[in-house]
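These notes concern the structure reproduced below.
It should be emphasised that the depicted structure is a prediction, and the values quoted were computed from it without experimental measurement. Heavy atoms only: backbone and side chains are in, while hydrogens, waters and symmetry mates are out. Order of appearance sets the numbers: ligands from 1, and atoms from 1 within every ligand.
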Amino acid sequence: MGVRGRLAPSPTGYLHIGNAWAFLIAWLAVRAEGGSLVLRMEDIDPDRSRREFELGIVEDLKWLGLDWDEGPDSGGAFGPYRQSDRLGYYGQVLDEFIRSGKVYPCYCTRKELRSMASAPHLGEHVPVYPGTCRNLDAAGQRHREASGRAPAQRMRCGEKPRTFVDAVYGRQRYVPAEWGGDFPVRRSDGVYAYQFAVVLDDAAMQVNQVVRGRDILHCTPRQLVIYEAIGAEPPAYIHVPLVLDAEGERLAKRHGHFELRRLREAGVAPQALVGFLGWKAGLLETCVPCPPDLLAARFRKENLPHEDIRLDHDILSLLAGISEQGSLA
Ligand code: GLU
Ligand code: ZN
């Protein structure tokens with residue numbers, strides 16, 4: 001089988017330059033190998049996901065010049081491609097985990113359980129689970145059920161460190177305390193965790209190459225625990241540096257002016273942004289407009305930068321300025 005990659009946006013906002021960077025690299029890493037690409041909407045967080053963002057993301061990706069072979073719009077052999085349509089499948093796997101003791105019910109009330117449906121990004125503190133419910137016997141579980149609280153389901157991780165080799169950041173090794181120990185795969189309100197859904201989907205969709213921001217490098221060992229539990233081979237990992245604003249902050253929702261739709265309104269041409277990002281990826285000598293397929297011919301994952309990309313204050317005028325220039329090829 002050839003390379004199978006994916007674009008896995010969460011429709012909780014519109015795409016910004018940082019997302020464009022990670023998705024462009026994900027696209028290039030597949031297209032450079034003549035592989036196939038899946039678009040998967042990661043809308044399992046019912047509080048934050050919105051259909052209008054999904055539509056906006058698809059529009060922005062197309063504007064950028066990226067395409068995919070399978071997805072919620074085009075279908076494919078491994079669908080459905082929207083996580084909200086895959087809940088039945090997550091439930092089946094979870095039932096199997098419950099039966100085999102790979103997970104256990106956790107009755108702890110923790111604010112942390114609120115946020116676990118989204119990928120925990122860098123700098124968000126991961127508290128280590130103290131193991132409170134790990135060895136509850138049936139009587140102890142019944143006692144807690146009786147208080148009326150529905151449990152979360154927590155993955156049993158054991159003591160073993162997990163290692164993997166990242167194409168950019170090299171060999172990684174994490175002991176359980178570093179990823180927080182036993183982690184929830186389903187919240188007490190029934191919402192599945194990002195970790196769980198992303199691994200089940202990547203495995204079911206036969207994704208063998210994962211490209212994403214280095215802010216979720218530290219989530220990977222938890223995902224390896226799940227791969228082991230389902231008996232599937234983990235993908236090759238390519239974590240890419242982050243895009244930061246001029247102050248060194250990772251781009252986030254409040255950076256509305258870096259959204260692709262706002263760039264578009266400001267007269268930035270998609271190939272100007274692609275050229276800028278390709279230049280930052282070391283694929284172009286200078287910052288000039290360029291279509292994505294021209295970059296694919298030059299792409300080498302070995303040459304990806306390790307350093308985060310800092311946007312200068314004048315980034316918008318730079319992009320608008322080069323938008324006037326003719327594109328390469
Ligand atoms: N939907 C996840 C996010 O936006 C994707 C993470 C991943 O690529 O595994 O953070
Ligand atoms: Zn607990």
Side-chain angles (χ1 to χ4, degrees), residues 5-16 18-23 25-27 29 37-45 48-49 53-54 57 61 81-84 86 103-113 115-122 124 127-136 140-141 143-145 147 149-156 166 180-188 192-203 205 207 209-224 226-227 234-240 242 250-253:
R6 42 58 159 199
L7 308 175
S10 299
T12 56
Y14 294 115
L15 300 186
H16 53 59
N19 305 124
W21 159 253
F23 289 142
I25 303 297
W27 186 92
L37 196 69
V38 171
L39 174 66
R40 184 175 68 232
M41 280 297 154
E42 306 221 311
D43 61 349
I44 33 163
D45 187 342
R48 297 171 60 221
S49 303
F53 291 135
E54 172 179 330
I57 288 169
L61 289 171
Y81 295 95
R82 221 176 254 122
Q83 289 189 325
S84 59
R86 302 178 63 79
V103 294
Y104 57 86
C106 166
Y107 300 87
C108 304
T109 48
R110 296 166 71 94
K111 284 214 189 91
E112 146 218 335
L113 301 184
S115 61
M116 56 176 253
S118 48
H121 288 276
L122 203 67
E124 289 170 21
V128 180
Y129 181 64
T132 322
C133 309
R134 188 182 298 137
N135 298 313
L136 280 182
Q141 289 180 2
H143 177 73
R144 283 168 183 74
E145 298 284 342
S147 71
R149 189 176 143 76
Q153 295 292 336
R154 232 173 238 278
M155 195 78 200
R156 223 177 265 285
D166 181 73
D182 294 356
F183 58 90
V185 295
R186 196 183 64 189
R187 303 196 309 214
S188 60
Y192 293 98
Y194 149 75
Q195 315 289 349
F196 187 60
V198 86
V199 168
L200 297 194
D201 288 350
D202 280 338
M205 296 177 183
V207 166
Q209 175 174 276
V210 164
V211 179
R212 57 192 181 193
R214 71 164 182 86
D215 53 335
I216 37 188
L217 189 64
H218 70 288
C219 286
T220 308
R222 285 186 251 182
Q223 297 177 15
L224 296 179
I226 300 173
Y227 274 104
Y237 288 105
I238 306 177
H239 286 87
V240 294
L242 303 178
R250 189 168 68 87
L251 297 199
K253 296 273 137 59

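- At a heavy-atom distance under 4.0 Å, no atom of V210 approaches ligand 1.
- Side-chain polar atoms of T220 and R212 form a donor-acceptor pair below 3.5 angstrom.
- Contact annotation: for R6 versus ligand 1, heavy atoms closer than 4.0 Å belong to the side chain alone.
- Looking at heavy atoms from C-beta onward, M155 lies out of side-chain contact with P184 at the 4.5 angstrom threshold.
- Counting only heavy atoms from C-beta outward, the side chains of V199 and R222 never approach each other to under 4.5 Å.
- In summary, an N, O or S atom of Y129 is located under 2.8 Å from the Zn ion (ligand 2).
- Ligand 1 has an N or O atom lying under 3.5 Å from an N or O atom of A8, backbone or side chain.
- Checking side-chain atoms of D43 against main-chain N and O of S84 turns up a donor-acceptor pair under 3.5 Å.
- The aromatic rings of Y129 and Y104 sit tilted relative to each other, their planes meeting at an angle between 30° and 60°.
- Interface atoms of ligand 1 facing R212, defined by a heavy-atom separation under 4.0 Å, are 7 (C), 8 (O), 9 (O).
- Look at Q223 and you'll find every heavy atom at least 4.0 Å from all atoms of ligand 1.
- For the pair SG of C108 and SG of C106, the angle at the Zn ion (ligand 2) is about 110°; rounding is to 10 degrees.
- When F23, Y194, Y237 are ranked by how near their heavy atoms come to atom 7 (C) of ligand 1, first place goes to Y194.
- Q195 has its side chain within reach of C219: a pair of non-hydrogen atoms, C-beta onward, lies under 4.5 Å apart.
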Q223 and Y194: CA distance, side-chain angles, deciding distance, side-chain hydrogen bond (donor to acceptor under 3.5 Å, both in side chains) verdict
CA-CA 10 Å; Q223 297 177 15; Y194 149 75; 3.1 Å; yes
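- Listed by number with element, the atoms of ligand 1 under 4.0 angstrom from any heavy atom of V198 are 9 (O).
- Between the side chains of E145 and Y107, a donor-acceptor pair is found at a separation under 3.5 Å.
- Atoms of ligand 1 lying under 4.0 Å from any heavy atom of I216, numbered from 1 in the order shown and given with element: 6 (C), 7 (C).
- Those atoms of ligand 1 that come under 4.0 Å of a heavy atom in E42, given as number and element, are 1 (N), 2 (C), 5 (C).
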